[in-house]
Undergrad: 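I have a structure here, written as structure tokens, and I will follow up with some questions on it.
Note that the structure is a prediction, hence the values are computed from the model and not measured. Start at 1 and go down the list; that is how both ligands and their atoms are numbered.
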Amino acid sequence: MRDHSKHIQLSREEAVARTLAMLDELPEGFGWRGALLQAAGASDDAATAHARNVRRKLVERVSLAESIGRVLAYDVVAQNDMPSALTCAMDSIALHWSDFADLPEGQLPDTGAWVRGVDWQFANTGVAMPEGFDTAIVIEHAQVSADEQHIVIDAAPSKQGAGTRPVGSSMRRGDVLAQAGSIVTPDLAVRIGAGNNASVAVVRRPRVAFIPTGNELMTPGVPFDPAHTDSFAARGRTFETNSVLVRAKCEKWGGRFVPFDIVLDRRDTIEAALERAVEVADIVVLNAGSSKGSDDWSCEVMEEMGRMVCHQTNHGPGHHSSAAVIDGTPIVGISGPSGGASFTLDFYLRPLMRAFMGLEPEIGRTPAVLAEEFPPGGPGSAKKHGGPVRGEERPAEHPEHEPGTPEFYGVRMLRVEHAEDGTLRAWPIAGFPGSAETLAANAYCMLPMGPGIEAPRPGDVIRVEWR
Ligand SMILES: Nc1nc2c(c(=O)[nH]1)N[C@H]1C(S)=C(S)[C@@H](COP(=O)(O)OP(=O)(O)OC[C@H]3O[C@@H](n4cnc5c(N)ncnc54)[C@H](O)[C@@H]3O)O[C@H]1N2
Ligand code: MOO
């Protein structure tokens, strides 16, 4: 069993920053982040050629419809001027400005002898003006004869070109319509398409391997007969639900989920799974076996196979999160219980996935006003860290801690709602993350804890993260 007193403990921010720093040192760097760093630093032809080869593995071309949510690898430019001809702005009557130019203000030309196609013509919204016509008035200002060959108008255009859109007024050939690094939204896709682009180059999705470990795990759906409970095949087992969690988050964040079968709590099986995972994935999530139990091997195996970033972190749930780099691939170690795993994926997997795609790793937190006091207790509370019943409570692990600075952060669930005064209000929700009560939470925050640290008071602004 590992000597758990030799733990590197980091905050979540430090753990992410140090993992990325380790990845940035690799010759090819990490995903598109590495390609961008290389492109910025490439000085000679060989370096540029190398960078191009690296980039080739990281970019794919997809149809515009498939590009929503993806990160653009390169700037997208307009292929031609739009509109590509003088275009009618509204459903209109096309006219010649010369028929109005010399008339006194408020006077209209006599249209009695006007011939359709010569002196006027129909012109509709968004289509090219009929040849030779330069100005338009909206059709509401024209009375059209039953045979549609004659008109009477009751208003004049304001100037030459009124009611029309000139060539290139929306975009010019070569204009940058969307910048590299942007995430394609439906509206951005429309602008890209309007520039005559049917497909775009995007950063390929990071492949995220998930390795569930645990002798007690079983996939759900095992038949249960209440009349013969002793023959229940999953007696004393846990249903493996974190695959669903990781898959859902990974796909929501733009990744490709790479499933692994349940791995037994043994050094050799965990090692074999990690070896295969770093071969097929850009990021690996190693689940459970993170704590101090006799079957907990995750940290030992990571230490043996690669470079350890940290063994644990300063928050709960998720205290036993770890990070390592094996064969250039980051490994995120998360603890087993799903309540905590959900946050640690937000804390560690998401920034790595974003960094892989060349995005800013961390997402900003939203300020909200605390609406009422936090309920007492909860993860990381004094009771949990060195309470009175010595044999039942885990001891404080950093007793040398500097007083007045937080030594631990408890994740607290919140319901954040808009208030009438235009602020966001955060209502604490009691209960341990993952419990039924906390399913109503739409956000959470990290509550600093430790000797001399005061909890935020109602009315204080706290920084929340959306769930
Ligand atoms: N003596 C101590 N015991 C524990 C400590 C400690 O500091 N000292 N920490 C506790 C905390 S906090 C956590 S969190 C857990 C961490 O456990 P592990 O990450 O080692 O995970 P396991 O022990 O294998 O499993 C814990 C729990 O989670 C369930 N699990 C595991 N994988 C999955 C999955 N893929 N899907 C759903 N559920 C899963 C597993 O069956 C267990 O019920 O350690 C505490 N103990
Ligand atoms: O690490 Mo545990 O996830 O603190 O609850």
Side-chain angles (χ1 to χ4, degrees), residues 1-2 4-5 7 9-10 12 15 209-222 234-250 257 259-266 269-270 273 284-302 310-323 331-348 377-381 383-387 389-398 407-413 431-435 438 444 446-447 449:
M1 200 186 280
R2 210 181 157 267
H4 291 287
S5 67
H7 263 15
Q9 174 170 307
L10 298 179
R12 61 185 266 204
F210 177 67
I211 307 176
T213 73
N215 299 341
E216 78 289 6
L217 297 180
M218 263 188 134
T219 42
V222 177
R235 193 166 166 272
R237 304 291 199 98
T238 307
F239 293 117
E240 202 286 289
T241 47
N242 287 351
S243 289
V244 179
L245 183 71
V246 181
R247 174 177 217 132
K249 293 210 181 220
C250 160
F257 181 77
F260 270 71
D261 297 344
I262 296 165
V263 171
L264 292 180
D265 287 316
R266 283 190 353 219
T269 47
I270 296 171
V284 176
V285 179
L286 178 62
N287 185 67
S290 69
S291 187
K292 295 164 174 127
S294 52
D295 278 337
D296 289 341
W297 297 109
S298 294
C299 282
E300 253 138 306
V301 174
M302 282 190 269
C310 66
H311 301 85
Q312 63 184 33
T313 53
N314 66 353
H315 53 77
H319 183 40
H320 302 285
S321 307
S322 54
I331 317 294
V332 176
I334 60 170
S335 42
S338 302
S342 180
F343 300 115
T344 50
L345 294 166
D346 295 4
F347 297 172
Y348 304 108
S381 71
K383 189 184 160 293
K384 218 178 165 195
H385 286 264
V389 189
R390 284 195 68 227
E392 293 168 22
E393 292 284 345
R394 55 180 172 167
E397 279 167 348
H398 285 258
E407 70 176 26
F408 205 78
Y409 290 82
V411 179
R412 294 304 184 90
M413 307 307 292
F432 200 79
S435 62
T438 62
Y444 55 85
M446 313 254 318
L447 194 62
M449 321 189 105

Undergrad: So between Pro337, Cys299, Gly340, Gly336, whose heavy atom ends up nearest atom 39 (C) of ligand 1?
TA: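 Checking each option, the heavy atom nearest atom 39 (C) of ligand 1 is found in Gly336.
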
Undergrad: For atom 7 (O) of ligand 1, which of His319, Gln312, His320 has the closest heavy atom?
TA: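 Shortest heavy-atom distance from atom 7 (O) of ligand 1: His320.
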
Undergrad: Report the C-alpha separation of Met413 and Ser435 in whole Å, then their side-chain angles, then the decisive distance to 0.1 Å, and conclude whether the side-chain contact (heavy atoms from CB on, under 4.5 Å) test is met.
TA: CA-CA 11 Å; Met413 307 307 292; Ser435 62; over 6 Å; no

Undergrad: Between ligand 1 and Ser243, is the shortest N or O to N or O distance under 3.5 Å?
TA: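 Between Ser243 and ligand 1, no N or O pair is found under 3.5 Å apart.
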
Undergrad: Evaluate the side-chain contact (heavy atoms from CB on, under 4.5 Å) criterion for residues Phe408 and His319: first the C-alpha distance (whole Å), next the side-chain angles of each, then the deciding distance (0.1 Å), finally the verdict.
TA: CA-CA 9 Å; Phe408 205 78; His319 183 40; 3.6 Å; yes

Undergrad: Return the orientation label for the His315 and Phe347 ring planes: parallel under 30°, perpendicular over 60°, tilted otherwise.
TA: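 The rings of His315 and Phe347 stand perpendicular, inter-plane angle above 60°.
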
Undergrad: Regarding ligand 1, does Asn287 bring an N or O atom to under 3.5 Å of one of the ligand's N or O atoms?
TA: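 Yes; the residue has a nitrogen or oxygen that sits under 3.5 Å from a nitrogen or oxygen of the ligand.
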
Undergrad: May I ask you to identify, for Asp296, whether its side chain, its backbone, both or neither come under 4.0 Å of ligand 1 on a heavy-atom basis?
TA: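 The answer is the side chain of Asp296.
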
Undergrad: When you look at Asp346 and Lys249, which way does the salt bridge (Lys or Arg N to Asp or Glu O under 4.0 Å) test go after all the steps?
TA: CA-CA 8 Å; Asp346 295 4; Lys249 293 210 181 220; 2.7 Å; yes

Undergrad: Mark up the atoms of ligand 1 that fall under 4.0 Å of a heavy atom belonging to Lys292, in ascending order.
TA: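 So the answer, numbered in order with elements, is 7 (O).
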
Undergrad: Using a strict 4.0 Å cut-off to heavy atoms of His320, name the atoms of ligand 2 that fall inside it.
TA: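 Counting atoms of ligand 2 from 1, those under 4.0 Å from His320 are 1 (O).
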
Undergrad: Please round to the nearest 0.5 Å and tell me the distance separating atom OG1 of Thr219 and atom CD1 of Ile262.
TA: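 Answer for the OG1-CD1 pair, Thr219 versus Ile262, is 5.5 Å.
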
Undergrad: Residue-level breakdown please: for Leu217 versus ligand 1, do any non-hydrogen atoms fall below 4.0 Å on the side chain, on the backbone, on both, or on neither?
TA: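 Leu217 to ligand 1: side-chain contact only, backbone stays beyond 4.0 Å.
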
Undergrad: What do the steps show when you test Arg12 against Met446 for side-chain contact (heavy atoms from CB on, under 4.5 Å), and what is the final call?
TA: CA-CA 11 Å; Arg12 61 185 266 204; Met446 313 254 318; 3.2 Å; yes

Undergrad: Below 4.0 angstrom from a heavy atom of Gly318, which ligand 2 atoms are there? Numbered from 1 as shown, please.
TA: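 In order of numbering, the contacting atoms are 1 (O), 2 (Mo), 3 (O), 4 (O), 5 (O).
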
Undergrad: At a 4.0 Å cut-off, with the gap strictly under it, does some heavy atom of Gly293 reach an atom of ligand 1?
TA: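 No, that is not the case, since the closest heavy atom of the residue is not under 4.0 Å from the ligand.
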
Undergrad: What do we get for Glu240 next to ligand 1 when only non-hydrogen atoms under 4.0 Å count, side chain, backbone, both or neither?
TA: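 Both backbone and side chain.
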
Undergrad: Name the residue from Leu286, Thr213, Asn287 that meets the side chain to side chain contact (heavy atoms under 4.5 Å, CB included) definition with Val263.
TA: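 Answer to the side chain to side chain contact (heavy atoms under 4.5 Å, CB included) test with Val263 among Leu286, Thr213, Asn287: Thr213.
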
Undergrad: State, to 0.1 Å, how close Gly340 and Pro317 come at their nearest heavy-atom pair, and which atoms those are.
TA: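 Of all heavy-atom pairs spanning Gly340 and Pro317, the closest is CA-CB, 3.5 Å.
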
Undergrad: Return the option from Ala288, Pro220, Gly316 holding the heavy atom at the smallest distance from atom 24 (O) of ligand 1.
TA: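 Answer by nearest heavy atom: Ala288.
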
Undergrad: Fit a plane to each ring of His311 and His7, take the angle between them on a 0 to 90° scale, and name the class: parallel (under 30°), tilted (30 to 60°) or perpendicular (over 60°).
TA: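 Correct class here is parallel.
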
Undergrad: Give the atom numbers and elements of ligand 2 that come within less than 4.0 Å of a heavy atom of Pro317.
TA: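 In order of numbering, the contacting atoms are 3 (O), 4 (O), 5 (O).
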
Undergrad: Would you mind telling me if ligand 1 is within reach of the side chain of Asp295, the backbone, both or neither, using heavy atoms under 4.0 Å?
TA: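 The answer is neither; Asp295 stays 4.0 Å or more away.
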
Undergrad: Does the ring centre of Phe210 sit less than 6.0 Å away from the ring centre of Phe260?
TA: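 Between Phe210 and Phe260, which both carry aromatic rings, the centre distance is not below 6.0 Å.
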
Undergrad: Does Pro337 have a non-hydrogen atom less than 4.0 Å from ligand 2?
TA: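 Pro337: no contact with ligand 2 (<4.0 Å).
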
Undergrad: Could you tell me which atoms of ligand 1, counted from 1 in the order shown, lie closer than 4.0 angstrom to a heavy atom of Gly289?
TA: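 Going through ligand 1 atom by atom, the ones under 4.0 Å from Gly289 are 18 (P), 19 (O), 20 (O), 21 (O), 24 (O).
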
Undergrad: I'd like to check whether Thr238 has a polar contact with ligand 1, where a contact means an N/O of the residue lying under 3.5 Å from an N/O of the ligand.
TA: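 It does: an N or O of Thr238 is found under 3.5 Å from an N or O of ligand 1.
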
Undergrad: Does the side chain of Thr344 come under 3.5 Å of the side chain of Ser321 through a donor N or O and an acceptor N or O?
TA: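 Distance-only check fails for Thr344 and Ser321.
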
Undergrad: With heavy-atom distances below 4.0 Å as the criterion, list the atoms of ligand 1 near Ser335.
TA: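 Close to Ser335: 14 (S), 16 (C), 19 (O).
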
Undergrad: Show your working on side-chain contact (heavy atoms from CB on, under 4.5 Å) between Asn314 and Gln9 and close with a plain yes or no.
TA: CA-CA 7 Å; Asn314 66 353; Gln9 174 170 307; 3.5 Å; yes

Undergrad: Does any N/O atom on Ile334 come nearer than 3.5 Å to any N/O atom on ligand 1?
TA: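 For ligand 1, there is no N or O atom that lies under 3.5 Å from one belonging to Ile334.
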
